[in-house]
2 protein chains.
Amino acid sequence: MLIGEFAEAVGSTKDTVRFYTRLGLLVAGERTAGQRTYAVYDEDQVDRFVFIAQCKALGFTLDEIGNGLREHEAGTLTESRQQEILEAKLRSIEERIAALRQAEKKLRAKVERSGA
Amino acid sequence: MLIGEFAEAVGSTKDTVRFYTRLGLLVAGERTAGQRTYAVYDEDQVDRFVFIAQCKALGFTLDEIGNGLREHEAGTLTESRQQEILEAKLRSIEERIAALRQAEKKLRAKVERSGA
DNA sequence: CTTGACTGTTGACCATGGTCCACACCCTAC
DNA sequence: GTAGGGTGTGGACCATGGTCAACAGTCAAG
């Protein structure tokens, strides 16, 4: 399908799809028409887009997702490697939570001081 | 003092100080020399910079800090207003923590699924 | 009088994840 | 043949918080 239909199918926009394609997160086929070529996306790319969206929801950046997909393509994305990546992200999330908690604690102290 | 000394005093860089000054977070005096004027910072600005740094550590953006400082200058930054701002930030921090926790939960589920 | 240190202005650049715009081409329907 | 809808490319632009580089003026020391 062409980009418009694809974007519609995954609930995104053509611009975002082009952006992901430029980043190599999605792979488009080509259809020539006159002197022009149009990008064509198949069902695999729909799955891929859904996967990307899920990873994003888990806190991965597009860059990290791209690396993961490349590892997958290269065949180096073993179970243990996946485990490793997930756990690393888990740790970084925990770190961010801890940092926010620190700020929260300080804020609470301030609120109590000025509110008391 | 001139910008270099000031930046040194607050443990920052000249570029950052200029950046904050452009944003109106810091206010510089002027000293003319020849056809040029140099920015001059006094002790008040040191305190101000320290305050900004503390706010940043609490999770406020420079924009929010600027608004707070302007309210302070306008005399509308009452105790209750401060309380309000701190509590709003507290809420937004809690929201972010909750969002990260969601991601964490999903990640843990994934880790356990693939690890089991 | 020249060198070096300091400063100012302007504007580009970094990452992040897009969004939007103009311009040009393609195909179909009328 | 022309309008309308779709598409592609290139580039600008948004927020966020700076960072860096080029160019030019100032000032003190040697």
Side-chain angles (χ1 to χ4, degrees), chain A residues 1-41 45 48-49 51-69 89 92-93 96 99-100 103, chain B residues 1-41 45 48-49 51-69 89 92-93 96 99-100 103:
Chain A
M1 48 188 144
L2 292 180
I3 196 169
E5 195 186 346
F6 179 77
E8 180 88 4
V10 298
S12 186
T13 68
K14 286 185 271 193
D15 276 320
T16 299
V17 173
R18 283 197 200 97
F19 184 59
Y20 285 9
T21 306
R22 261 204 304 285
L23 293 183
L25 299 180
L26 295 175
V27 179
E30 294 193 353
R31 169 163 332 197
T32 46
Q35 308 131 325
R36 297 197 42 181
T37 56
Y38 292 88
V40 185
Y41 298 88
Q45 300 307 310
R48 207 159 157 135
F49 191 99
F51 175 73
I52 293 167
Q54 286 168 351
C55 288
K56 253 163 55 77
L58 290 175
F60 289 95
T61 63
L62 296 185
D63 195 49
E64 290 168 335
I65 297 167
N67 291 335
L69 288 170
K89 177 53 70 174
S92 91
I93 285 177
R96 279 201 284 163
L100 283 174
Chain B
M1 48 186 144
L2 292 180
I3 196 169
E5 195 186 348
F6 179 77
E8 181 88 5
V10 299
S12 186
T13 67
K14 287 185 271 191
D15 276 321
T16 298
V17 172
R18 285 198 199 97
F19 184 59
Y20 284 9
T21 306
R22 261 205 305 284
L23 294 183
L25 299 180
L26 295 176
V27 179
E30 294 193 352
R31 167 157 322 168
T32 45
Q35 308 131 325
R36 296 196 43 183
T37 56
Y38 291 87
V40 185
Y41 299 87
Q45 300 307 310
R48 207 158 157 135
F49 190 99
F51 176 73
I52 294 166
Q54 286 168 350
C55 289
K56 252 162 56 76
L58 290 176
F60 289 95
T61 63
L62 296 184
D63 195 48
E64 289 168 335
I65 297 167
N67 291 336
L69 288 171
K89 177 55 67 176
S92 90
I93 284 177
R96 278 200 285 161
L100 283 174

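By convention in this document, chain letters (A, B, ...) are assigned in the order of the sequence lines, proteins followed by strands, and residues within each chain are numbered from 1. Only heavy atoms go into these numbers, but all of them, side chains included; no hydrogens, no water, no symmetry mates. All values reported here derive from a predicted model rather than from experimental measurement.
The interatomic distance linking B/Leu2 (CG) with C/dA5 (C1') rounds to 12 Å, in whole Å. If you measure from atom CD1 of A/Ile52 to atom P of C/dG18, you get 10 Å, rounded to the nearest angstrom. Remark: P of D/dG6 and CZ of A/Phe6 are 18 Å apart, rounded to the nearest angstrom. In this structure, A/Glu30 places its CD atom 15 Å from P of C/dC26, rounding to the nearest Å. The distance between atom CD1 of A/Ile3 and atom P of D/dG6, rounded to the nearest whole Å, is 13 Å.
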Sugar-phosphate means primed atoms, P, OP1 and OP2; the rest is base. With that split, encode nucleotides 25-30 of chain D 5' to 3' as B, S or - using protein heavy atoms under 4.0 Å. BSS---
How does protein reach along nucleotides 11-22 of chain D, written 5' to 3' as B (base within reach of a heavy atom under 4.0 Å), S (only sugar-phosphate), or - (no contact)? ------BBSB--
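In this structure B/Ser92 satisfies the side-chain hydrogen bond (donor to acceptor under 3.5 Å, both in side chains) test with no other residue, sequence neighbours excluded. Listed by chain and number, the residues in a salt bridge (charged side-chain N to carboxylate O under 4.0 Å, His left out) with A/Glu5 amount to none (sequence neighbours excluded).
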I'd like to know whether A/Leu58 forms a side-chain contact (heavy atoms from CB on, under 4.5 Å) with A/Ile93, so could you lay out the CA-CA distance, the side-chain angles of the two residues, the decisive distance to 0.1 Å, and finally the verdict. CA-CA 10 Å; A/Leu58 290 175; A/Ile93 285 177; over 6 Å; no
Evaluation steps, side-chain contact (heavy atoms from CB on, under 4.5 Å), between B/Met1 and B/Glu8: CA-CA 11 Å; B/Met1 48 186 144; B/Glu8 181 88 5; over 6 Å; no
Check nucleotides 28-30 of chain C against the protein and report each pair of N or O atoms closer than 3.5 Å, with its distance, or say if there are none.
none

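The two residues A/Leu26 and A/Gln45 have their closest heavy-atom pair at CA-OE1, 3.5 Å.
Of the options A/Val10, A/Leu69, A/Ile65, A/Leu25, a side chain to side chain contact (heavy atoms under 4.5 Å, CB included) to A/Arg48 is made by A/Leu69 and by none of the others.
For the OP1/OP2 pair of C/dT9 and a distance below 4.0 Å, the side-chain nitrogens and oxygens of B/Arg18 include no atom meeting the criterion.
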Name the atoms and distances for all side-chain donor-acceptor pairs under 3.5 Å in residues 11-23 of chain B, with sequence neighbours left out.
{"residue": "B/Thr13", "atom": "OG1", "partner": "B/Thr16", "partner atom": "N", "Å": "3.1"}
{"residue": "B/Thr13", "atom": "OG1", "partner": "B/Thr16", "partner atom": "OG1", "Å": "2.9"}
{"residue": "B/Thr21", "atom": "OG1", "partner": "B/Val17", "partner atom": "O", "Å": "2.7"}
{"residue": "B/Thr21", "atom": "OG1", "partner": "B/Tyr41", "partner atom": "OH", "Å": "2.8"}

